[in-house]
Amino acid sequence: MMIKDILSELERTERELGALSERKEGESGEEMQRLGASREELLQKLKRLEPGDRVFLARHPKRPHVEDFIAALFTDFFEQRGDHLFDEDRAVYGGIARFHGQPVTVLGTRKGRTVQENMECNFGMPRPEGYRKALRIMRQAEKFGRPILSFIDTPGAYPGLEAEAHGQGEAIAKNLAVMSAFHVPILSLVTGEGNSGGALGIGVSNKILMLENAVYSVLSPEGFATILWKDASLSGEAAKVMKLTAEDLLRAGVADSVIPEPVGGAQRDPEQLYRSMDRAISEALSSFRGMSPSEIREQRFEKYRAI
């Protein structure tokens with residue numbers, strides 16, 4: 001049974017359990033037991049996931065996005081728009097906020113929920129204007145000494161002709177160079193899929209935190225399978241070869257920590273996930289207390305030298 005079918009069956013089973021629980025006690029005891037056993041069996045299957053299953057969960061349409069994380073984890077958020085050069089790119093969302101009272105800068109890639117929002121946000125694929133907006137926001141954080149938190153969830157930078165004509169490669173390269181020299185702490189949280197330079201363009205950081213079912217790689221499994229085997233349908237096999245899961249990257253020393261998700265994915269209990277993320281962010285930020293600006297920059301340098 002594919003993970004999509006398991007999740008669908010689990011949702012149906014839980015709906016039936018909910019309906020039965022509203023009946024009078026004793027009327028449906030046997031049915032409750034049967035459904036409870038079925039639910040437990042499905043949950044056990046969701047604890048044994050292949051890399052391809054995690055790719056599916058990383059892309060789940062109901063998975064929390066950057067706007068959800070900012071609303072749940074931060075207060076006093078003030079959005080900053082535009083790159084002050086050409087345009088506003090809705091695929092990048094960010095601004096100033098407070099985390100437990102501490103001023104921070106938060107930003108991330110935005111996919112949208114509805115078809116209309118998907119199109120407005122270019123399905124989470126930033127254009128050069130998005131990367132320049134992100135850099136403008138981050139430079140302000142450097143100026144005022146605010147930690148930077150970047151939420152990564154993108155299939156990659158927009159590969160269209162217009163983006164290339166507007167300097168897509170230059171915009172990403174400049175972000176990499178400038179972020180590497182910042183003196184403030186930078187945390188990257190890979191919350192869904194983080195593919196290619198499109199993810200790295202806001203991901204040069206002191207610490208990389210990944211959600212349990214997030215993936216982070218040089219390109220999508222479909223792209224890998226197409227290049228290597230000329231067959232995008234082999235993406236599941238590609239996901240195994242690429243070592244793109246949070247667990248793989250933690251072992252490789254790329255990710256610094258893995259944030260647990262509810263069984264079956266973040267979309268099943270976002271509130272539980274937010275609590276885990278709050279703790280992980282608090283711990284990560286506290287690790288920089290007592291470090292000088294030059295030590296923070298040096299730590300980032302050493303991290304990428306080690307990678």
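The first residue of the sequence shown is numbered 1, and numbering continues consecutively from there.
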### Residues Arg251, Leu249; criterion side chain to side chain contact (heavy atoms under 4.5 Å, CB included); working and verdict
CA-CA 5 Å; Arg251 280 198 296 265; Leu249 294 168; over 6 Å; no
Flag side-chain contact, heavy atom, 4.5 Å: [X] against [Y]:
X      : Y      : answer
Leu42  : Glu14  : no
Arg297 : Asn206 : no
Leu7   : Phe56  : yes
Ser276 : Ile259 : yes
Val106 : Arg146 : no
Leu189 : Ser150 : no
Val66  : Thr109 : no
Ile3   : Leu46  : yes

If hydrophobic clusters are built by linking Ile, Leu, Val, Met, Phe, Trp and Tyr wherever their side-chain heavy atoms come under 4.5 Å apart, do [X] and [Y] end up in the same one?
X      : Y      : result
Val263 : Leu211 : no
Val55  : Val241 : yes
Val184 : Leu107 : yes
Val104 : Ile296 : yes
Ile96  : Leu285 : no

So, for [X] and [Y], which heavy atoms are closest and what is the spacing to 0.1 Å?
X      : Y      : value
Val190 : Ala214 : O-CB, 3.2 Å
Glu261 : Asn213 : OE2-N, 2.8 Å
Pro103 : Arg98  : CG-NH1, 3.8 Å
Ala225 : Ala232 : CB-CA, 4.1 Å
Gly197 : Ile172 : O-CG2, 3.7 Å
Leu209 : Ile281 : CD2-N, 4.4 Å

Any ion pair linking [Y] and [X] (charged N to carboxylate O, less than 4.0 Å)?
X      : Y      : result
Glu283 : Arg279 : no
Arg139 : Glu142 : no
Arg127 : Asp87  : yes

Is it the case that the side chain of [X] and the backbone of [Y] share a donor-acceptor pair, with hydrogens and angles ignored and the cut-off at 3.5 Å?
X      : Y      : result
His60  : Lys62  : yes
Arg136 : Arg81  : yes
Asp153 : Thr191 : no
Ser38  : Arg34  : no
Tyr304 : Ser205 : yes
Lys133 : Val92  : yes
Gln267 : Gly264 : yes
Glu222 : Leu234 : no
Arg90  : Met119 : no
Thr245 : Val215 : no

#### Entry: NZ (Lys303) with more than 12 external heavy atoms under 6.0 Å
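Atom NZ in Lys303 is packed in, count exceeds 12.
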### Query
Around Met2, counting heavy atoms of other residues, nucleotides and ligands shown, do more than 12 lie under 6.0 Å from its CE?
no
What's the spacing between [X] [atom1] and [Y] [atom2] if we round to 0.5 Å?
X      : Y      : atom1 : atom2 : result
Leu135 : Asp83  : CG    : CG    : 10.5 Å
Arg132 : Phe86  : CZ    : CZ    : 10.0 Å
Leu17  : Arg12  : CG    : CZ    : 10.0 Å
His183 : Glu298 : NE2   : CD    : 10.5 Å
Phe288 : Gln299 : CZ    : CD    : 5.0 Å
Ser8   : Ile6   : OG    : CD1   : 11.0 Å

### Query
Where does the angle between the aromatic ring planes of Tyr274 and Phe69 fall among parallel (under 30°), tilted (30 to 60°) and perpendicular (over 60°)?
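Plane angle over 60°, so perpendicular.
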### Task
Starting from the C-alpha separation in whole Å, work towards a yes-or-no answer on side chain to side chain contact (heavy atoms under 4.5 Å, CB included) for His100 and Ser282.
CA-CA 9 Å; His100 293 287; Ser282 295; 4.0 Å; yes
### Task
Show the numbers, then the answer: is there a side chain to side chain contact (heavy atoms under 4.5 Å, CB included) between Val258 and Glu247?
CA-CA 7 Å; Val258 176; Glu247 185 179 344; 5.8 Å; no
### Phe123: partners by ring-ring contact (aromatic ring centres under 6.0 Å, His included), with sequence neighbours left out
none
## Note on the structure
From the list Glu120, Glu193, Glu117, salt bridge (Lys or Arg N to Asp or Glu O under 4.0 Å) with Lys111 holds only for Glu193
### Task
May I ask you to check whether Phe77 and Tyr93 place their ring centers less than 6.0 Å from one another?
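Yes, they do, as the ring centres are separated by less than 6.0 Å.
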#### Entry: Test log, rule side chain to side chain contact (heavy atoms under 4.5 Å, CB included), inputs Ile152 and Ile202
CA-CA 8 Å; Ile152 297 171; Ile202 59 168; 4.1 Å; yes
